[in-house]
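Structure record follows, encoded as structure tokens.
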Number of protein chains: 2
Amino acid sequence: MNITIKDVAREANVSVATVSRVLNNKSNVSDEAVHAVNRAVEKLGYSPNFLGRDLRKSETKRILAIIGSTEESFYNDVLRGMQDACFSQGYDVLIATTRNDPEHEMHLLGMLFSKAVDGAVLLAPKIDSKTILELSKKYSIAVCLERLDTEGILCVTINNERAGYDATSYLIGKGRKRIGLITTKIRSQSSVDREKGYRRALEEAGIPFDERLVYYGDYSSDTGTRACEEFLKLENKPDAIFSISDIISLGAMVYANNHGYKIGKDILFFGFDNILFSHMFIPRLSTVDQPCYLQGKTVAEKLIANMKAEEPDISTYMLPHSLILRESTGD
Amino acid sequence: MNITIKDVAREANVSVATVSRVLNNKSNVSDEAVHAVNRAVEKLGYSPNFLGRDLRKSETKRILAIIGSTEESFYNDVLRGMQDACFSQGYDVLIATTRNDPEHEMHLLGMLFSKAVDGAVLLAPKIDSKTILELSKKYSIAVCLERLDTEGILCVTINNERAGYDATSYLIGKGRKRIGLITTKIRSQSSVDREKGYRRALEEAGIPFDERLVYYGDYSSDTGTRACEEFLKLENKPDAIFSISDIISLGAMVYANNHGYKIGKDILFFGFDNILFSHMFIPRLSTVDQPCYLQGKTVAEKLIANMKAEEPDISTYMLPHSLILRESTGD
DNA sequence: ATGCCTATTGAAAACGATTAGAAAAAATGA
DNA sequence: TCATTTTTTCTAATCGTTTTCAATAGGCAT
């Protein structure tokens with residue numbers, strides 16, 4: 001039924017060993033053999049079964065990127081970075097989505113245990129960090145875009161605390177004193193860190209923390225809208241709002257805009273992620289840009305290096321972020 | 001080094017065959033054996049090597065979704081649909097991106113030839129349809145969200161011609177006579193079909209086709225902006241614009257808005273895809289909604305059915321789309 | 001012709017699972 | 001008890017590769 005290396009060998013009048021050698025460009029094989037095998041391969045339309053190959057070699061040359069969903073658009077650049085790094089070393093990148101279900105995430109990591117992939121990159125881990133850390137001792141795992149709350153695993157991200165601090169400080173520098181924060185109820189390490197940075201900036205500026213100015217929602221634009229509504233109901237309204245994602249900021253801006261507030265004057269907005277839409281609407285949104293492509297490229301490179309290395313690199317790399325200043329902060 | 005089924009057998013004092021039977025919940029195995037094996041598995045932390053299993057069984061229980069990039073946000077629902085259909089039948093869904101490079105798409109299809117996955121769904125095929133058709137005779141391939149220009153392969157999509165017709169007719173029904181079309185230079189079958197529908201609607205309404213009212217660009221919002229700029233420079237300006245994607249429409253609306261046109265009155269806009277942002281900004285965008293989740297679910301179900309079937313189903317299924325009417329068409 | 005070296009080759013043993021078929025053990029019936 | 005059936009177990013073959021190791025062929029120098 002299926003054409004195997006044996007059929008090729010028979011057709012080419014050589015042994016399977018020779019066919020294998022030709023297929024893998026081994027040097028010690030005669031020109032005649034090369035031709036005969038290539039001709040047979042061509043004639044039979046043979047293509048090698050990777051299950052056999054991978055089993056024998058005990059490697060698949062594939063790495064798995066585990067994401068929550070494909071919805072977050074900035075994953076795209078991260079994945080591009082990973083691909084570039086992987087392709088140049090002969091690896092393929094496969095993607096799988098957890099749908100933000102820790103159990104399913106674990107199931108996907110099973111592809112590592114069962115040797116269906118050589119390594120995995122978690123782009124938004126939901127399972128607890130102790131488990132991940134434990135697994136990383138046996139398997140090639142890295143974390144990207146996030147960090148675990150404990151050290152001990154290869155991790156490529158930005159300094160989210162610092163980014164939160166920078167954005168908030170920028171608003172403070174603009175003379176703002178009542179700065180709202182919109183973040184998520186379900187805490188990823190990055191949002192925890194961004195909130196920490198927000199608080200530190202306030203503290204350093206001598207601005208008292210006001211819990212009424214922190215809104216906990218989800219990642220949707222609706223959250224931004226509702227948060228903004230809450231904030232603007234307050235007696236002591238905020239004069240600036242920092243959100244941990246652009247989507248949220250945009251939702252908030254829509255509300256403020258529709259209710260007669262002059263964005264960039266009455267109230268400033270700072271987002272996070274620099275998504276496509278952040279500069280599509282007037283006023284354009286100031287935001288934190290993180291080096292997505294570079295993070296992806298870096299994590300893949302280091303993960304592959306780890307797979308070959310005696311002693312794996314388990315450092316955390318924080319790549320530089322930058323502030324993009326636009327009309328929403330009066331720039 | 002690695003724990004194999006042999007180690008488990010030794011630990012449990014049974015043969016590898018028995019271990020395998022326990023692992024696969026075969027009925028003809030004693031309770032004692034089950035316990036002994038489970039204990040050994042637990043103790044050794046064994047997890048089966050799928051390369052061995054898959055090689056022997058000649059199936060991987062994995063199907064591959066091939067997309068251009070993760071950027072197009074509506075892929076997410078399609079993938080969700082595919083996952084739901086697949087999981088319920090014990091299949092995993094892996095995703096891979098072609099970066100819109102036909103060569104790379106071919107490389108990914110190689111996973112099919114090399115038996116690394118059991119089937120593949122193309123969500124935006126770039127390689128020519130003859131090749132795909134040819135391959136589909138030997139391997140389990142389906143197409144989703146698009147159709148090939150030739151019949152003969154399992155395909156789940158919407159009727160794009162009809163959708164283009166419906167959107168354009170709606171604008172005509174609103175009394176519009178000069179309707180612009182923004183589409184893409186690089187033609188996917190869906191954009192070709194949408195344009196056909198646009199033309200048919202004009203024709204049926206007795207409105208002459210005017211090539212100055214068709215703009216060919218890419219999938220970006222910039223294209224929308226530039227197209228709108230071109231259109232509004234014309235002596236005989238359009239009073240409505242249909243774009244083959246929401247992103248483009250939004251870009252166009254931004255331009256019109258900034259130049260003093262009253263959207264929904266002076267000029268109507270109709271988009272395509274019903275993306276999240278289409279209803280985030282005022283005026284909200286009227287658009288064509290396609291059943292993403294259902295398309296994904298359907299294509300996966302039918303593909304899996306095909307893999308078991310004697311005679312594969314090679315029909316094209318067109319699922320119903322719907323028009324979402326909002327302020328941009330004065331609704 | 002002989003020996004020695006090198007370049008190619010092939011036979012067979014992996015890799016880690018599943019599974020047919022044989023064998024052993026247990027259960028059943030008389 | 002023993003023959004017969006049923007249940008459970010094991011041995012060994014198999015899936016399609018790669019790779020070790022031994023064997024062969026050919027070239028060259030003596």
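The chains referred to below are lettered A, B, ... by the order of the sequence lines, with proteins before strands, and numbering in each begins at 1. All figures in this text were calculated on a predicted structure; none of them were measured in a lab.
- Map B/Ala17 and B/Leu51 each onto its nearest nucleotide of DNA chain C; the residue landing nearer the 5' end is B/Leu51.
- Distance, A/Lys6 NZ to C/dG10 C1': 14 Å, rounded to whole Å.
- In summary, contact between chain B and DNA chain D, defined as any nucleotide atom under 4.0 Å from a heavy atom of the protein, begins and ends at D/dT8 to D/dG16 in the 5' to 3' direction.
- Contact check on B/Asp149 versus B/Arg187 returns no salt bridge, with no Lys/Arg side-chain nitrogen under 4.0 Å from an Asp/Glu carboxylate oxygen.
- Note on the helix from C/dA1-D/dT30 to C/dA30-D/dT1: angle between the axes of the first and last five pairs equals 50°, rounded to 10 degrees.
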Next item on the list: Start with the C-alpha gap between A/Ile5 and A/Val16, add the side-chain angles, then the distance that decides, and say whether side-chain contact (heavy atoms from CB on, under 4.5 Å) holds.
Entry: CA-CA 6 Å; A/Ile5 198 172; A/Val16 293; 4.0 Å; yes
Could you list the protein-to-nucleotides 22-26 of chain C atom pairs, N/O on both sides, closer than 3.5 Å?
none

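- Here the C1' atom of nucleotide C/dT9 and the CG atom of A/Asn13 are 13 Å apart, to the nearest Å.
- The distance from atom CZ of A/Arg56 to atom P of C/dA17 is 16 Å, rounded to the nearest whole Å.
- If you check every strand for non-hydrogen atoms under 4.0 Å, A/Asn28 touches a base.
- In this structure, B/Lys26 reaches the C/dT19 phosphate: one of its side-chain N or O atoms is under 4.0 Å from OP1 or OP2.
- Within the structure, ring pair (Phe, Tyr, Trp, His ring centres under 6.0 Å) contacts touching residues 60-102 of chain B (residues at least two apart or in different chains) are A/His104-B/Phe87.
- Regarding B/Phe50, its CZ atom lies at a distance of 13 Å from the C1' atom of C/dG16, rounded to whole Å.
- Taking only side-chain atoms of B/Asn2, from C-beta outward, the nucleotide of C/dA14, C/dG16, C/dT9 with the closest atom is C/dG16.
- Side-chain contact of A/Asn160 with A/Ser190: a donor-acceptor pair under 3.5 Å is absent, judged by distance alone.
- Residue-level contact check: A/Leu55 touches the bases, meaning some heavy atom is under 4.0 Å from a base atom.
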Notebook entry, point to check: side-chain contact (heavy atoms from CB on, under 4.5 Å) between A/Ser188 and A/Glu146: does it pass, once the steps are laid out?
Noted result: CA-CA 8 Å; A/Ser188 58; A/Glu146 284 288 347; 3.4 Å; yes
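- Around NZ of A/Lys126, the count of heavy atoms belonging to other residues, nucleotides or ligands within 6.0 Å exceeds 12.
- Taking for each of B/Ser58 and B/Ser30 the nucleotide of DNA chain D with the nearest heavy atom, the 5'-most of the two is the partner of B/Ser30.
- Contact annotation: the side chain of B/Ile63 approaches that of B/Cys86 to within less than 4.5 Å [non-hydrogen atoms, C-beta and beyond].
- B/Lys61 places its NZ atom 19 Å from the P atom of C/dA17, with the value rounded to the nearest Å.
- Atom CZ of B/Arg10 and atom C1' of C/dG16 are 14 Å apart (whole Å).
- Shown for residues 18-25 of chain B: residues whose heavy atoms fall under 4.0 angstrom of DNA chain D, namely B/Thr18, B/Arg21.
- Summarising the geometry of B/Ser69 relative to B/Thr97, their closest heavy-atom pair is CA-CG2, 4.0 Å, with the distance given to 0.1 Å.
- With 3.5 Å as the limit, one finds no donor-acceptor pair spanning the side chains of B/Ser140 and B/Asn306.
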Show the atom names and distances, to 0.1 Å, of all donor-acceptor pairs under 3.5 Å that link a side chain in residues 106-117 of chain A to residues at least two apart or in another chain.
| from | atom 1 | to | atom 2 | distance (Å) |
| --- | --- | --- | --- | --- |
| A/His107 | NE2 | B/Asp92 | OD1 | 2.9 |
| A/His107 | NE2 | B/Asp92 | OD2 | 3.0 |
| A/Ser114 | OG | A/Gly110 | O | 2.8 |

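- Distance A/Phe113 CZ to C/dG16 C1': 18 Å, rounded to the nearest Å.
- Of the N and O atoms on the side chains of A/Thr70 and B/Asn76, at least one donor lies less than 3.5 Å from an acceptor on the other residue.
- Between the CG atom of A/Asn49 and the C1' atom of C/dA17 there is a distance of 14 Å, given to the nearest Å.
- Salt bridge status for A/Asp54 with A/Lys61: absent, with no side-chain N to carboxylate O gap under 4.0 Å.
- Defined by atom type and a distance below 3.5 Å, a donor-acceptor pair is present between the side-chain atoms of A/Asp128 and A/Thr131.
- Between the side chains of B/Glu42 and B/Asn38, no donor-acceptor pair of N or O atoms lies under 3.5 Å.
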